[in-house]
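These notes concern the structure reproduced below.
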Amino acid sequence: VQLQASGGGLVQPGGSLRLSCAASGFTFSLSAMDWYRQAPGKQRQWVATITRGGTGNYVDSVKGRFTISRDDAKSTMYLQMNSLKPEDTAVYYCRALSYPRNWGQGTLVTVSS
């Protein structure tokens with residue numbers, strides 16, 4: 001199981017980023033998928049989950065601003081992040097619920113002016 005998050009970077013408050021999670025080594029379409037994030041000095045936090053059927057669930061702090069999606073043909077999951085805030089600064093990780101112990105490399109998102 002391999003998971004590679006990408007798309008992070010430096011963005012100003014109010015800006016947008018789109019993260020991608022490329023998956024391999026398992027049948028992507030059969031697994032729900034998560035996004036997590038870890039801010040400096042803090043514990044890893046669940047951000048969003050997308051079911052096999054494409055239904056998204058979100059932590060309250062990102063509802064209305066973030067959208068999770070998936071493309072099973074590409075074995076890729078996405079996180080569209082709009083109206084970014086400084087408190088969204090973190091390393092973002094993706095995870096397959098079918099393989100909860102596998103964490104790939106994350107991608108750093110920095111929201112700062």
Side-chain angles (χ1 to χ4, degrees):
V1 174
Q2 291 193 335
L3 299 163
Q4 180 64 57
S6 62
L10 173 63
V11 63
Q12 293 187 341
S16 298
L17 281 175
R18 188 194 195 202
L19 305 185
S20 298
C21 171
S24 61
F26 66 102
T27 305
F28 180 81
S29 62
L30 296 183
S31 182
M33 299 291 295
D34 287 330
W35 282 103
Y36 277 76
R37 66 185 179 187
Q38 188 165 17
K42 294 188 177 181
Q43 290 188 333
R44 194 166 294 186
Q45 174 195 37
W46 170 75
V47 176
T49 296
I50 187 164
T51 66
R52 291 168 52 183
T55 300
N57 294 285
Y58 305 88
V59 66
D60 285 347
S61 59
V62 308
K63 282 181 180 177
R65 300 188 298 122
F66 290 11
T67 302
I68 191 171
S69 62
R70 64 189 296 159
D71 185 338
D72 289 348
K74 296 182 179 180
S75 297
T76 302
M77 173 178 64
Y78 304 97
L79 187 67
Q80 177 66 44
M81 306 187 296
N82 299 329
S83 303
L84 282 162
K85 304 176 181 181
E87 51 264 42
D88 294 319
T89 295
V91 177
Y92 284 71
Y93 300 89
C94 54
R95 189 183 72 156
L97 266 70
S98 299
Y99 301 92
R101 297 182 178 180
N102 292 79
W103 295 94
Q105 289 188 337
T107 186
L108 175 63
V109 173
T110 303
V111 185
S112 175
S113 55

Looking at Trp46, I'd like to know if the NZ or CZ of Arg37 sits under 6.0 Å from its six-membered ring centre while staying within 45 degrees of the ring's axis.
no
Distance-only, no hydrogens or angles: does the Thr107 side chain make a donor-acceptor pair with backbone N or O of Gly8 under 3.5 Å?
yes
How far does [atom1] of [X] sit from [atom2] of [Y], to the nearest 0.5 angstrom?
X: Gln45; Y: Ser61; atom1: CD; atom2: OG; value: 5.0 Å
X: Leu17; Y: Leu84; atom1: CG; atom2: CG; value: 5.5 Å
X: Gln12; Y: Ser113; atom1: CD; atom2: OG; value: 7.0 Å
X: Lys42; Y: Glu87; atom1: NZ; atom2: CD; value: 8.5 Å

Test side-chain contact (heavy atoms from CB on, under 4.5 Å) on Arg52 and Met33 and set out the steps.
CA-CA 8 Å; Arg52 291 168 52 183; Met33 299 291 295; over 6 Å; no
Pairs of donor and acceptor atoms involving the side chains of residues 68-77, under 3.5 Å and at least two apart or interchain, shall be tabulated with distances.
{"unit_1": "Arg70", "atom_1": "NE", "unit_2": "Asp72", "atom_2": "OD1", "d": "2.8"}
{"unit_1": "Arg70", "atom_1": "NH1", "unit_2": "Ser31", "atom_2": "O", "d": "2.9"}
{"unit_1": "Arg70", "atom_1": "NH1", "unit_2": "Thr51", "atom_2": "O", "d": "3.1"}
{"unit_1": "Arg70", "atom_1": "NH2", "unit_2": "Phe28", "atom_2": "O", "d": "2.8"}
{"unit_1": "Arg70", "atom_1": "NH2", "unit_2": "Ser31", "atom_2": "O", "d": "2.9"}
{"unit_1": "Arg70", "atom_1": "NH2", "unit_2": "Asp72", "atom_2": "OD1", "d": "3.3"}
{"unit_1": "Asp71", "atom_1": "OD1", "unit_2": "Ala73", "atom_2": "N", "d": "3.1"}
{"unit_1": "Asp71", "atom_1": "OD1", "unit_2": "Lys74", "atom_2": "N", "d": "3.3"}
{"unit_1": "Thr76", "atom_1": "OG1", "unit_2": "Lys74", "atom_2": "O", "d": "2.8"}

Less than 4.5 Å apart, side chain to side chain, heavy atoms only: is that true for [X] and [Y]?
X: Ser112; Y: Leu10; value: yes
X: Leu108; Y: Tyr92; value: no
X: Thr55; Y: Ile50; value: no
X: Val109; Y: Met81; value: yes

For Tyr36 and Trp103, I'd like to know if the aromatic rings sit close, meaning centre-to-centre distance below 6.0 Å.
yes
Output field: ring centroids Tyr99/Phe26 closer than 6.0 Å:
yes
Stepwise side-chain contact (heavy atoms from CB on, under 4.5 Å) check, Val47 with Phe66:
CA-CA 9 Å; Val47 176; Phe66 290 11; 4.0 Å; yes
Is the number of heavy atoms from other residues, nucleotides or ligands within 6.0 Å of [atom1] ([X]) greater than 12?
X: Gln38; atom1: CD; answer: yes
X: Gln43; atom1: CD; answer: no
X: Gln105; atom1: CD; answer: no

Please evaluate residues Leu19 and Trp35 with respect to the criterion side-chain contact (heavy atoms from CB on, under 4.5 Å), reporting the C-alpha separation (whole Å), side-chain torsions for both, the decisive distance (0.1 Å), and the verdict.
CA-CA 10 Å; Leu19 305 185; Trp35 282 103; 3.8 Å; yes
Give a yes or no on whether Val62 and Val111 share a hydrophobic cluster (residues Ile, Leu, Val, Met, Phe, Trp, Tyr; joining criterion: side-chain heavy atoms under 4.5 Å apart).
yes
Does the pair Asp88/Lys85 count as a salt bridge with the N-to-O cut at 4.0 Å?
no
Would you list the pairs meeting disulfide bond (SG atoms under 2.5 Å apart) in which at least one residue belongs to residues 20-73, sequence neighbours left out?
Cys21-Cys94
Criterion side-chain contact (heavy atoms from CB on, under 4.5 Å) on Thr110 and Val11, from CA distance to verdict:
CA-CA 6 Å; Thr110 303; Val11 63; over 6 Å; no
Return yes if a side-chain donor-acceptor contact under 3.5 Å exists between Asn57 and Thr49, otherwise no.
no
